[in-house]
Amino acid sequence: MTEISLYNTLAREKQRFEPFDDKNVRMYVCGPTVYDYAHIGNARPVVVFDVLFRLLRHVFGEEHVTYARNITDIDDKIMDRAHNEGVGIKTISNRYAKVYAEDMALMGALSPSLTPRATEHLPEMIRMMQKLIAQGNAYEAEGHVMFHVPSMENYGRLSRHSRDELVAGARVDVAPFKRDPADFVLWKPSSDDQPGWGSPWGRGRPGWHLECSCMIEKHLGETIDIHAGGQDLIFPHHENEIAQSECAHGSQFVRYWMHNGYLTVDGEKMSKSLGNFHTVHDLVQDHPGEALRLSLLTAHYRQPIDFSLDSVAEQKRRLDRWYRLVDGVEVSKSVPPSVIAALADDLNTPKALAALDRLAHDKEAAELKAGAQFLGLLLQGTSAWFQGEAPEGITVGEIEDAIEARLAARDNKDFAESDRIRDRLKSFGVILEDGPSGTSWRKADQE
RNA sequence: GGCGCGAUGGCGGAGUGGCUACGCAGCGGAUUGCAAAUCCGUGUACACGAGUUCGAUUCUCGUUCGCGCCUCCA
């Protein structure tokens, strides 16, 4: 069996991956809060951990891997949006959850095995809070339920923050009802006009750390193999998940923690005011999902990555070359070992891509196709990739007629006419290529 | 202040104690009516300073610069 090694944030080192039960490998990735379109940075963990999902299924068998990615459908940002639009939170969360699923599919991500929603797990959350209160790990205060951080001996293991350091920082919000400045919210009260659920502590709603602990407990169990997300989630989100789950269960929560690096755009943090804010929804209008996916895989997942439209265009050209090579080729039955080996080494996607380039260079088209498809690439037919739908202002029939007319002109050595036709097609964004088997056309690249 | 990450050729980006990464772009050539595509060829790269070593881009220490997190955030 292929040996997988993964960098475990908890240990701060690469470790051999040994699942708790190799017939039931369990992974969980923190999913979106559905209050708006996902941006390209949100897509990074989706794509890189999709590659992990594929690798685990390859090594352990599809039926032995369960991947859960949640939908956070209760949150103050969703409430704000719903309030502004004068609709219920379900309208907002359903709308953006649907778009999210569509956009991530266009990015080539497989659907997770499970996509649990926070609002469907209120009973589990209440039960976990009751247990934590009974054990002295949590307490009620003014309609809130707070987790009491000093009640957990080794709080801060993942982020390597000590409680003292946290308290020393002036940015800790010290609400008067907190017993300790580091305590965090499990449950907070809702006013009459806010969404809320009944609980032993009054009508309210959950804090955002609790849902992940409860959904994991319900769908994957008390101990799971892999929990992943963006680096920014290490603290406080994942730290607090550990606190909740390990105190509630008295057992190890997660065996391997994985965190992807941040994404910048044109060297700067993405922001609407800088004009470098890219939603996936917008990007997939103008760029092939595979080129977007590939550009996210060019860097190792733990490294920071700088996203730009130039890099998307560059990866589009790389895919062009591969697509030309695999035209009409039947995919190999087995995934190239060089690709698997690279991915098994802590998801080294740049190395896997180099292996694909090697196969392309060696004209191993069937192998290239198998390796690329394993990574969620080269999934279309070659003509669909290059032509897609006809460009604006011209039909496929007209393009084909023009190609015929140009061939006739060339046969007559009327190159002026031939070039005129080619230039005219070019003005519609249609590029001609004269190959040994005749003339073919493709759409010009963006920009 | 605390915790952590990084600095590789024009650009992107792996990796290694001594041996070509790879891709994109560029340049030269083949091919082509001309192009495009393709093929061949083409790069005194590893922030700086010490140290360890027969040998360091790779290990150690320091310096400089950049970045992330420290209860909204993938």
Side-chain angles (χ1 to χ4, degrees), chain A residues 9 12 29-33 35 38-49 75-77 80 149 156 158-162 164-175 178 181-185 207-209 228-237 239-240 259-264 267-270 294-295 297-308 310-311 313-318 320-322 324-325 342 345 348-358 360-361 363 386 409-410 413-416 418-419 422-423 426 431-436 439-442 444:
Chain A
T9 306
R12 300 280 153 92
V29 174
C30 288
T33 300
Y35 68 99
H39 58 66
I40 188 67
N42 299 126
R44 190 176 190 196
V46 173
V47 169
V48 303
F49 297 118
D75 173 270
D76 285 7
K77 277 181 290 214
D80 289 345
V149 167
L158 181 69
S159 60
R160 309 215 169 166
H161 288 308
S162 73
D164 293 343
E165 287 160 11
L166 293 173
V167 174
R171 293 164 71 176
V172 175
D173 172 31
V174 186
K178 281 188 180 185
D183 293 353
F184 60 89
V185 174
W208 79 298
H209 309 304
Q231 260 167 10
D232 54 323
L233 295 184
I234 293 172
F235 190 88
H237 186 53
E239 196 69 75
N240 290 351
H259 294 94
N260 63 275
Y262 237 75
L263 175 145
T264 55
E268 296 184 279
K269 191 162 182 173
M270 206 177 343
L294 182 53
S295 64
L297 295 176
T298 54
H300 184 85
Y301 76 94
R302 281 188 282 116
Q303 295 302 125
I305 193 170
D306 188 46
F307 179 86
S308 69
D310 284 346
S311 82
E314 181 178 325
Q315 299 314 320
K316 160 78 167 55
R317 287 191 288 275
R318 196 180 198 176
D320 285 346
R321 192 163 46 81
W322 291 350
R324 285 189 177 97
L325 201 59
D345 181 14
N348 193 331
T349 53
K351 207 170 179 181
L353 296 174
L356 294 181
D357 282 320
R358 182 81 238 169
H361 179 266
K363 301 282 185 291
F386 282 113
R410 288 181 68 204
K413 301 266 189 277
D414 184 354
F415 297 120
S418 164
D419 291 349
R422 187 168 62 193
D423 288 345
K426 194 175 178 185
I431 306 292
L432 297 188
E433 294 177 5
D434 298 324
T439 299
S440 62
W441 67 274
R442 64 179 165 90

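Given the structure is predicted, the values throughout are model-derived calculations rather than measurements. Throughout, a chain's letter reflects where its sequence line sits, starting with A, and its residues are numbered from 1.
By the salt bridge (charged side-chain N to carboxylate O under 4.0 Å, His left out) test, A:D419 pairs with A:R422, sequence neighbours left out. The ring-ring contact (aromatic ring centres under 6.0 Å, His included) test applied to A:W441 returns no partner, not counting sequence neighbours. In this view, A:D80 satisfies the side-chain hydrogen bond (donor to acceptor under 3.5 Å, both in side chains) rule with no residue, not counting sequence neighbours. The salt bridge (charged side-chain N to carboxylate O under 4.0 Å, His left out) check on A:R302 picks up A:D346, with sequence neighbours excluded. With sequence neighbours excluded, the residues forming a side-chain hydrogen bond (donor to acceptor under 3.5 Å, both in side chains) with A:T9 are A:H259, listed by chain and number. Residues meeting the ring-ring contact (aromatic ring centres under 6.0 Å, His included) test with A:F184, sequence neighbours left out: A:F147, A:H209. Under the rule for a side-chain hydrogen bond (donor to acceptor under 3.5 Å, both in side chains), A:R317 has no partner lying at least two apart in sequence or in another chain.
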Where each pair must be Watson-Crick or G-U wobble with both distances under 3.5 Å, what dot-bracket representation of RNA chain B is obtained, with crossing pairs in [ ] and other-strand partners as |? (((((((..(((.....[...))).(((((.......)))))....(((((..]....))))))))))))....

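You'll find a donor-acceptor pair under 3.5 Å spanning the side chain of A:R422 and the base of B:rA35, going by distance alone. Under 3.5 Å, the side chain of A:S159 and the base of B:rG4 form no donor-acceptor pair of N or O atoms.
Taking both residues in full, the closest heavy atoms of A:R324 and A:E433 are given as NH2-OE2, 2.9 Å, listed atom of the first, atom of the second, then distance. In terms of heavy-atom proximity, A:F49 sits nearest to A:G229 at CE1-N, 3.9 Å. A pairwise comparison of heavy atoms in A:T349 and A:A299 identifies OG1-O, 3.5 Å as the closest pair.
Rounded to a whole Å, the CG atom of A:D306 is 18 Å from the P atom of B:rG6. Remark: P of B:rG13 and CD1 of A:I305 are 7 Å apart, rounded to the nearest angstrom. If you take CG of A:L356 and P of B:rG13, they are 18 Å apart, rounded to a whole angstrom. Between A:L158 atom CG and B:rG68 atom P the separation is 20 Å, expressed in whole Å. Per the geometry, NZ belonging to A:K178 stands 7 Å off C1' belonging to B:rU71, to the nearest Å. With rounding to whole Å, A:W441 atom CH2 is found 15 Å from B:rA36 atom C1'. Across the protein-nucleic acid pair, A:I234 atom CD1 and B:rC67 atom P stand 19 Å apart, rounded to whole Å.
Of all nucleotides listed (B:rG33, B:rC69, B:rG6), B:rG6 comes nearest to the side chain of A:Q303. Of all nucleotides listed (B:rG4, B:rC69, B:rA36), B:rG4 comes nearest to the side chain of A:R12. When distances are taken from the side chain of A:R324 to each of B:rC73, B:rC70, B:rA37, the shortest belongs to B:rA37. Checked against B:rA74, B:rG13, B:rC34, the side chain of A:D434 finds its nearest nucleotide in B:rC34. For A:P236, whose side chain is taken as the heavy atoms from C-beta onward, the closest listed nucleotide among B:rU71, B:rC72, B:rG4 is B:rU71. Closest to the side chain of A:H161, from the set B:rU71, B:rC69, B:rA14, is B:rC69.
Heavy atoms of A:K363 sit under 4.0 angstrom from primed sugar atoms or phosphate atoms, though from no base atom. Residue A:S440 is classed as having no contact, given no heavy-atom separation below 4.0 Å to the nucleic acid. Looking at heavy-atom distances under 4.0 Å, A:N348 makes contact with sugar-phosphate atoms alone, never a base. The residue A:D419 sits close to a base: some heavy atom pair falls under 4.0 Å. No contact: A:E239 has no heavy atom under 4.0 Å from any strand. When heavy atoms are screened at a 4.0 angstrom cut-off, A:L432 is found touching base atoms of the nucleic acid. Residue contacts shown for A:L263 include a base, since a base heavy atom lies under 4.0 Å away. Using a 4.0 Å heavy-atom criterion, one finds that A:G41 contacts the bases of the nucleic acid, with or without backbone contacts as well. Counting non-hydrogen atoms under 4.0 angstrom, A:E433 reaches a base of the nucleic acid.
When the C1' atom is used for both B:rC39 and B:rU52, the distance is 48 Å, rounded to whole Å. A gap of 10 Å separates the C1' atoms of B:rC48 and B:rC65, to the nearest Å. Taking the C1' atom of each, B:rA14 and B:rG23 are spaced 11 Å apart, rounded to whole Å. A distance of about 34 Å separates the P atoms of B:rA35 and B:rG9, rounded to the whole Å. Distance noted for atom C1' between B:rU31 and B:rA37: 11 Å (whole Å). For the C1' atom pair drawn from B:rC54 and B:rC61, the interatomic distance equals 22 Å after rounding to whole Å. Rounded to a whole angstrom, the distance from the C1' atom of B:rG43 to that of B:rG12 is 16 Å. Nucleotides B:rU16 and B:rG33, compared at atom P, are 49 Å apart to the nearest Å.
In this structure, a donor-acceptor pair under 3.5 Å is absent between the side chains of A:Q315 and A:S295. Residues A:W322 and A:D357 bring a donor and an acceptor atom of their side chains to less than 3.5 Å of each other.
Between A:D434 atom CG and A:S440 atom OG the span is 8.0 Å, to the nearest 0.5 Å.
Nucleotides of RNA chain B nearest to A:A360 and A:H300 differ in position, and the one nearer the 5' end is that of A:H300. Comparing A:P32 and A:A299, the nucleotide of RNA chain B nearest to each residue sits closer to the 5' end for A:A299.
Note on A:N42: every side-chain N or O is 4.0 Å or more away from OP1 and OP2 of B:rC73.
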Report, as a single string ordered 5' to 3', how protein heavy atoms within less than 4.0 Å touch nucleotides 23-28 of chain B: B base, S sugar-phosphate only, - not at all. BSS---

